[in-house]
2 protein chains.
Amino acid sequence: MSRRPTLSDVAREAGVSVSTASLAFSGAGPIAEQTRERVHAAAATLGYAGPNALGRQLRSGRHGIVGVVIGDKVKRSFRDPVSIQMLDGLVSTLSELRLGVMLIPGMESDEKGAMKVDPLLETSGMDVAVLIWGAHVDDPRLEVLRRRSIPVVIGEGNAAPGCSLVAIDDRGGFAELAEHLYGLGHRRVANVTLPFRMGRKAGWIENPRDEEIDWTPTRNRLEALEESRLEVVATYETPASLVESGADAARLILDPARWPDPAKRPTAIVAQSDLLAAGVVLAAREMGLRVPEDVSVVGFDGVDLPWLGTDSLTTVTQPLEAKGEALGHAVDALLQGRGVTEVVLPVELRVGTTTGPPPAL
Amino acid sequence: MSRRPTLSDVAREAGVSVSTASLAFSGAGPIAEQTRERVHAAAATLGYAGPNALGRQLRSGRHGIVGVVIGDKVKRSFRDPVSIQMLDGLVSTLSELRLGVMLIPGMESDEKGAMKVDPLLETSGMDVAVLIWGAHVDDPRLEVLRRRSIPVVIGEGNAAPGCSLVAIDDRGGFAELAEHLYGLGHRRVANVTLPFRMGRKAGWIENPRDEEIDWTPTRNRLEALEESRLEVVATYETPASLVESGADAARLILDPARWPDPAKRPTAIVAQSDLLAAGVVLAAREMGLRVPEDVSVVGFDGVDLPWLGTDSLTTVTQPLEAKGEALGHAVDALLQGRGVTEVVLPVELRVGTTTGPPPAL
DNA sequence: CTGTTAGCGCATTCAT
DNA sequence: ATGAATGCGCTAACAG
C-alpha cells in the first residue's frame, strides 16, 4: 500500500475498530493501556504519523488557523519593530492554544490604484482574523470577513461593531509626553505624524482639525497633543513609520529659513513613533544641531534602537508583547464563545536623553 | 436555520442537486448560465459565502498552507531585515498560488535547555514546510517532518537528503569581497562571524578550522575568507546578526591594547552580515577611528540601513526577494509533483564608502 | 472498555 | 446539462 496510512489502516492492523484507534491517539475516552499500546505499535509498523489534520479539522469545524492581516507587504509592515514584537506575543500565545498564525498581506492596490482585498482573505480557511493595524471606515476587508462570518479581532484601530478590540492608551501617553516637555519649559513644538490613512504622501498639514484621520493611533496622538498646553506650530505628515521619513520631516522643520522669527520656532519635535523620532534626531545632528541642547525630540513606542548609540529617546513605552498576548486572548475568547472583548493597555513615559530645557533665545 | 448554510442548503434553495451547485461555484464543468445564476441567487438569499474551506480541503487532500519555520521567536528572527525581505518574496509568490504562510517558531529550549520542537510542527496541517534558516545535523524538526511525510524546502542551509534547497553563492561573494580588500592593499583582516550553530555565545575563535560549524552561511563565508589571499588575524564569533553584536566585537578587535605590534593589527574588518558590519562601523567611530581611513569595514547581504546616514557599506548584495520567490517556486514544484529542486542564486559585490586603502603605518 | 453507526462539507465519478 | 452516489479521514454518540 503506497498511499498514506489512515486511522482505519492502523485499526485493522491492530485488530481494533476505528473509533478505538481514534481514542488511542486522542485520549478522549477510556481505553485499556494494552489496547493503546497495540494501536501505537500498529501505527509504528505502518508509519502512521498520527491523525490527519484535515479529517480532524472537518470533524471539529476548526481550522486551527488565525489569519493575521498585516495590511501591506511583509517587508513594509515588518520594517517596524512595533509590529514584530506584537506579532511575537501573538504567535506565542496562540501557539500554546495550538493555533497557527497565517500571514495575510491584506490589501494591495492594483494597477489602477484600486484597493484589492487579498485572495487569501476571501477564500482561505481560518477561525478568526486579526487586523493588527486596525480597520478603516468601510474597510473592504471587514466586509469580506463579515460575509464569511469569520470573527475579527482588531488591534490598535477603530472599534468596529461586532469586533473585539485591543488598544493602548496612546492619548494618555501623549498627554504625559506633552506635560513632560511643558514642564521642561517648552511651549512651541512641531509634530511629525504617522499617516492619516492609507496611501498618503508626505507633506505639511495646514490645519489638522480639517483633516479626516482614518487611522486611530494617528488621530489619538495628534488630538492628545493638540489638547495639551503646548502650541503645535507645525505639523508634518509622513507616509510611514520609518527613520527616513522622520529624517525628511526634520530637515524641513529645522530649516532655519522656515523660521524668520526665532521666537516662533519650535523648541521641540514630537514624533508619533520612535522610528520617526530617531530619524529626527539623526537629521538634526546632520544639520549641526545638538539634541537636546538645541532641540528636544520625543517619540512613542519604546522600541530598542541599538544604533542610536548612547542616546536613548524620551518616549512612551507601550507593552508590545502584552498587546500581542492580549490579541491572542481575545482570539481565544471568541473561539470559546465568550464573545467580543475590549481592552485598553496602559503605557508609560520613559525619559531619555533627547529632551532637555529649550535653548535660551 | 441558525447554523451556517452549506452547499446542500443552497442546492435545495435553488432547486438543483448538490453537485450542480458545486459546479456553479467551481466552474469545473459545464453548467447552464441560467442555473449558475439561480444558484448564486440562492446563495445570496441564504448568506452562503462560498464553499467551505474545510470540506474542500478534505476532499482535495490539501491544506493550502505552507509552514514557514523561522527557527526562533518571531522578534528575534525578524529583527534581521534579511529574513523579512525573503519572507516578503515568499508570501507574495505563495499568495498567487493561493497558499497561505503559517509562521512556526520552530524550536524552543525548555527550562532544562533541551530543544523542543514547536507543537505546531508536530500536529498542524500543512502541505509543505520551509525551513528558511536551514537545518542542522540531526535536526529534530526534519525528523518530525519526515515522519509526517511533509515535503521540505530548505533555505540557506545544509542540503538535506530529499529536501529542496535554495541557496546563494556566498562563497563566491566572500571571495570577491576579499579580492576587493586585497586589491586596495589590505593584507591582514579580522573576521566577525555569524553564530556557528544554535545557542552559541559571543567569543574569540582561536582556530576556526577546529570548530564544528553547523550553520552553512557561517561556514561558507568563513571558509571563503580563509581561502582568500588575506590573512585572518582574528576571528570573533557573535551570537546573532545584530548591530549590538557587531559593535561588541569591534570594541574588542579594535582595542589598541590587543595589538602591541602595529604591524600585525588588522587594517580591515570583515563582517559576515550587514547588521554586524554596521555595528562595527558605529563602534569604530565611537572609538575615534575613521572609516575607511583608519579601518575598512565590509558586510554581507545588501540590506538598507537608513540610519547609517550618508555612508554606504561595502557589501555583497544577495537577491533577498528573489530568494523568497525561489523558495515559493520550490514549494510549488513539490506540490506539483515536480520533485526536489536545488537552486543557487548569484550575489553581487557593491562597493560603498566603508572601504579604502589601509592606513600607512 | 470497545464496536457500530453516522455524519462533518464538498467534489468527483458515472449515469441519465 | 444535471443528478445520484460515493468517499476524503476523522470523531462523537450510542449501544453493547
Side-chain angles (χ1 to χ4, degrees), chain A residues 1-40 42-43 46-64 98 123-127 148-150, chain B residues 1-40 42-43 46-64 98 123-127 148-150:
Chain A
M1 161 171 41
S2 78
R3 68 170 222 291
R4 291 240 282 151
T6 77
L7 192 55
S8 79
D9 297 324
V10 175
R12 192 171 334 105
E13 173 82 13
V16 299
S17 75
V18 218
S19 50
T20 303
S22 176
L23 289 182
F25 286 102
S26 70
I31 188 168
E33 179 59 22
Q34 218 181 39
T35 323
R36 213 184 62 85
E37 276 169 20
R38 196 142 40 90
V39 173
H40 277 101
L46 293 182
Y48 179 77
N52 175 300
L54 291 173
R56 209 168 11 161
Q57 283 166 195
L58 179 62
R59 195 55 242 251
S60 66
R62 287 275 166 86
H63 297 82
R98 294 301 172 96
T123 57
S124 198
M126 65 191 92
D127 300 323
R148 297 184 63 192
S149 336
I150 295 174
Chain B
M1 157 173 40
S2 77
R3 69 170 219 292
R4 290 240 284 152
T6 76
L7 192 54
S8 79
D9 297 322
V10 175
R12 194 175 327 106
E13 173 81 14
V16 299
S17 74
V18 216
S19 44
T20 304
S22 175
L23 290 183
F25 285 102
S26 70
I31 189 168
E33 179 58 22
Q34 218 182 41
T35 323
R36 213 184 61 87
E37 277 170 19
R38 197 143 39 90
V39 173
H40 277 101
L46 292 182
Y48 178 76
N52 175 299
L54 291 172
R56 210 166 12 158
Q57 283 165 195
L58 178 61
R59 192 68 183 72
S60 68
R62 288 274 163 85
H63 297 83
R98 295 300 173 97
T123 58
S124 197
M126 65 191 92
D127 300 322
R148 296 184 63 191
S149 337
I150 293 174

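First the proteins, then the strands, lettered A, B, ... as listed; each starts at 1.
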**Asked** How long is the gap from CG on B/Leu54 to NE2 on B/His63, to the nearest 0.5 Å?
**Response** 10.0 Å
**Asked** With a non-hydrogen cut-off below 4.0 angstrom, is B/Leu58 in contact with a base, only sugar-phosphate, or nothing?
**Response** base
**Request:** Rounding to 10 degrees, work out the angle separating the end axes of the helix from C/dC1-D/dG16 to C/dT16-D/dA1 (five pairs an end).
**Result:** 40°
**Request:** Ignoring backbone atoms, test whether A/Tyr48 places a side-chain nitrogen or oxygen under 4.0 Å from the OP1 or OP2 oxygen of D/dG9.
**Result:** no
**Message:** Rounding to an integer number of Å, can you tell me how far A/Arg56 CZ sits from D/dA12 P?
**Reply:** 10 Å
**Request:** Hey, could you give me the CG/CG distance between A/Asn52 and A/Leu7, rounded to the nearest 0.5 Å?
**Result:** 10.0 Å
**Request:** Take atom CG of A/Leu7 and atom P of C/dC8, then tell me their distance rounded to the nearest Å.
**Result:** 20 Å
**Prompt:** When rounded to the nearest 0.5 angstrom, what is the spacing between CD in A/Glu37 and CD1 in A/Ile31?
**Reply:** 10.5 Å
**Request:** Look only at the side chain of B/Arg148 and the backbone of A/Ala49, and say whether a donor-acceptor pair between them is shorter than 3.5 Å.
**Result:** no
**Asked** Does the side chain of B/Thr35 reach to within under 4.5 Å of the side chain of B/Arg38, using non-hydrogen atoms?
**Response** yes
**Request:** Might you point out which heavy atoms bring A/Val10 and A/Ala42 nearest each other, and give the distance in Å?
**Result:** O-CB, 3.8 Å
**Message:** What is the distance, to the nearest angstrom, from the CD atom on B/Glu37 to the C1' atom on D/dA1?
**Reply:** 16 Å
**Prompt:** Take atom CD in B/Gln34; do more than 12 heavy atoms of anything else shown fall under 6.0 Å from it?
**Reply:** no
**Message:** I want to check something: taking the side chain as every heavy atom from C-beta on, are A/Arg3 and A/Asp9 in contact at a cut-off of under 4.5 Å?
**Reply:** yes
**Prompt:** Expressed in angstrom and rounded to an integer, what is the separation of A/Arg62 atom CZ from D/dG9 atom C1'?
**Reply:** 19 Å
**Request:** Could you state the atom-to-atom distance from CD of B/Gln57 to C1' of C/dC8 in whole Å?
**Result:** 13 Å
Check nucleotides 2-6 of chain D against the protein and report each pair of N or O atoms closer than 3.5 Å, with its distance, or say if there are none.
| from | atom 1 | to | atom 2 | distance (Å) |
| --- | --- | --- | --- | --- |
| D/dT2 | OP1 | B/Thr35 | OG1 | 2.4 |
| D/dT2 | OP2 | B/Ala32 | N | 2.8 |
| D/dT2 | OP2 | B/Thr35 | OG1 | 3.1 |
| D/dG3 | OP2 | B/Ser17 | N | 2.8 |
| D/dG3 | OP2 | B/Ser17 | OG | 3.3 |
| D/dG3 | OP2 | B/Thr20 | OG1 | 2.8 |
| D/dG3 | N7 | B/Ser19 | OG | 3.3 |
| D/dA4 | N6 | B/Ser19 | OG | 3.1 |

**Asked** A/Ser22 side chain N/O closer than 4.0 Å to the phosphate oxygens (OP1, OP2) of D/dT11?
**Response** yes
**Prompt:** Which part of the nucleic acid does B/Phe25 contact within heavy-atom distance under 4.0 Å: base, sugar-phosphate only, or nothing?
**Reply:** nothing
**Asked** Over how many whole Å does the gap from A/Asn52 atom CG to D/dG7 atom P extend?
**Response** 18 Å
**Prompt:** Between atom CG in B/Leu54 and atom P in C/dC10, what is the gap in whole Å?
**Reply:** 9 Å
**Asked** Got A/Arg4 and A/Tyr48 here, is their nearest side-chain heavy-atom distance under 4.5 Å?
**Response** no
